[in-house]
Number of protein chains: 2
Amino acid sequence: MNANYCPLDYTMNLIGTKWKPIVLFHLLEGAERSGVLQKKVPGISNKMFTQTVRELERDGLISREIYPVVPPKVEYALTARGKSLEAILKSLDQWGLEDKKGI
Amino acid sequence: MNANYCPLDYTMNLIGTKWKPIVLFHLLEGAERSGVLQKKVPGISNKMFTQTVRELERDGLISREIYPVVPPKVEYALTARGKSLEAILKSLDQWGLEDKKGI
DNA sequence: TAACTAAGCAACTTTTAGGTAAGTTATTGT
DNA sequence: ACAATAACTTACCTAAAAGTTGCTTAGTTA
């Protein structure tokens, strides 16, 4: 009962996982090839990376472009919807930076 | 390996759960008695509410004041550190509001 | 004296998130 | 012929998050 009763909850359901914000954050600088993006997220397993980008794509936050070459080449990029999270992602990052100082 | 390799990750470790942002959000308006606060978070179980406020208190984001009366009375409020999340919490809420429109 | 109250603890179960290891694909370089 | 490559997928497993139920406390009111 009562899922998404408030917008904040809705937002968290979209990006509130361990890896999603980090993946989105690293795409702020521009499109990335799959393997390169994954290496920017240290500690993520192959499975979780795939699962994370699948869901982000399904929710329209990132796009996925496949180049029909061998070996495969896939690029991910933020959609307009994904880019609209830029300020929030940077705020979260900035807040962490500031907060650490105060410990 | 590699926990908290970036500030965003650090932030998510502090507030990146299903309930924490919502509880913090509802405290933006001021201190609340435990039961009242809990009712503002529909769907949360008693256990998760207690666990959530315990962790937020442990991390210094909220304070807990106990009044030695019967039946018990407990009030929660944001600390300065918790208040510093105000802009982010409102941004997340606002983003959800805007994003829903576009669906 | 028994019910009621607000807060929250404890034991237990279920659900979800996340990790590991192996296999698949089609071409290119050796 | 065969290893190497990038980007997966699948099956299986563990760990963490969340839910459920029942209990405790001690004064107040019926």
Side-chain angles (χ1 to χ4, degrees), chain A residues 1-5 8-24 26-27 31-59 61-77, chain B residues 1-5 8-24 26-27 31-59 61-77:
Chain A
M1 187 243 282
N2 226 323
N4 297 339
Y5 79 101
L8 202 170
D9 191 18
Y10 166 87
T11 305
M12 295 309 285
N13 281 337
L14 271 183
I15 60 164
T17 70
K18 184 174 178 181
W19 302 112
K20 283 179 187 177
I22 301 172
V23 168
L24 291 170
H26 287 298
L27 283 174
E32 277 292 7
R33 194 166 175 183
S34 183
V36 176
L37 179 57
Q38 185 168 350
K39 282 190 190 66
K40 287 189 175 182
V41 187
I44 197 171
S45 69
N46 193 257
K47 178 195 153 187
M48 286 315 297
F49 178 75
T50 301
Q51 187 177 308
T52 299
V53 291
R54 280 289 109 72
E55 291 181 13
L56 289 173
E57 188 199 4
R58 183 200 62 196
D59 294 335
L61 295 172
I62 67 175
S63 63
R64 177 162 179 262
E65 180 148 22
I66 309 159
Y67 297 83
V69 294
V70 169
K73 175 177 174 179
V74 174
E75 271 193 0
Y76 293 102
Chain B
M1 186 245 282
N2 227 323
N4 298 340
Y5 77 100
L8 203 171
D9 192 18
Y10 166 86
T11 305
M12 295 308 285
N13 281 339
L14 269 184
I15 61 164
T17 71
K18 184 174 179 183
W19 302 111
K20 282 180 187 178
I22 301 173
V23 168
L24 292 170
H26 287 299
L27 283 175
E32 276 293 7
R33 195 166 173 183
S34 183
V36 177
L37 178 58
Q38 185 170 347
K39 281 189 193 67
K40 287 189 176 182
V41 186
I44 198 172
S45 69
N46 191 256
K47 178 195 154 187
M48 286 315 297
F49 177 75
T50 301
Q51 187 176 307
T52 299
V53 291
R54 280 290 106 72
E55 289 181 16
L56 289 173
E57 189 198 4
R58 183 201 62 197
D59 294 335
L61 296 173
I62 67 176
S63 62
R64 177 164 179 262
E65 180 149 19
I66 308 158
Y67 298 83
V69 293
V70 168
K73 175 177 173 178
V74 174
E75 272 194 358
Y76 293 102

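Within every chain, numbering begins at 1; the chains are lettered A, B, ... in the order of the sequence lines, protein sequences first and strands thereafter. A quick note: this is a predicted structure, and the numbers were derived from the prediction, not measured.
Whole-Å rounding puts the B:Asn13 CG to C:dA17 P distance at 17 Å. A:Met12 has its CE atom 14 Å from the C1' atom of D:dA17, to the nearest Å. Remark: P of C:dA17 and CD1 of A:Ile15 are 15 Å apart, rounded to the nearest angstrom. What separates CH2 of A:Trp19 from P of C:dT16 is a distance of 21 Å, to the nearest Å. Summarising the geometry, the separation between CG on A:Asn46 and C1' on D:dA6 is reported as 10 Å, rounded to the nearest angstrom. Distance, B:Lys47 NZ to D:dG19 C1': 7 Å, rounded to whole Å. Spacing between atom CG of B:Asp9 and atom P of C:dG18 amounts to 12 Å, rounded to whole angstrom units. Atom NZ of A:Lys73 is separated from atom P of D:dC8 by 13 Å (rounded to the nearest Å).
Side-chain contact between B:Arg64 and B:Val53 is absent, with no heavy atoms from C-beta onward closer than 4.5 Å. Using a 4.5 Å cut-off on side-chain heavy atoms (C-beta onward), A:Ile44 and A:Ile22 make no contact. Within the 4.5 Å cutoff, side-chain heavy atoms of A:His26 are placed close to those of A:Leu37.
Residue whose closest nucleotide on DNA chain D sits further toward the 5' end, between B:Pro72 and A:Phe49: A:Phe49.
Closest approach to the B:Ser34 side chain among C:dG8, D:dC8, D:dA18 is made by C:dG8 (side chain taken as heavy atoms from C-beta onward). Of the candidate nucleotides D:dC8, C:dG19, C:dG8, D:dC8 has the atom lying nearest to any side-chain atom of A:Arg54. The A:Val70 side chain lies nearest to C:dT27 when the options are C:dT27, D:dC8, C:dG19. The listed nucleotides are C:dG19, C:dG8, D:dC8; the one nearest the side chain of A:Met48 is C:dG19. The side chain of A:Pro71 lies closest to D:dT5, out of C:dG19, C:dG8, D:dT5.
In this structure, A:Arg58 CZ and A:Leu14 CG are separated by 8.5 Å, a value rounded to the nearest 0.5 Å.
Across all strands, A:Thr50 comes closer than 4.0 Å to base atoms (heavy-atom distances).
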Inset, instruction - Applying side chain to side chain contact (heavy atoms under 4.5 Å, CB included), run through B:Glu32 and B:Gln38 and close with a yes or a no. - result: CA-CA 9 Å; B:Glu32 276 293 7; B:Gln38 185 170 347; over 6 Å; no
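At least one side-chain nitrogen or oxygen of B:Tyr76 sits closer than 4.0 Å to the OP1 or OP2 atom of C:dG8. The phosphate of D:dG19 has OP1 or OP2 within less than 4.0 Å of a side-chain N or O from B:Lys18. Within the 4.0 Å cut-off from OP1 or OP2 of D:dA7, not a single side-chain nitrogen or oxygen of A:Arg64 is found.
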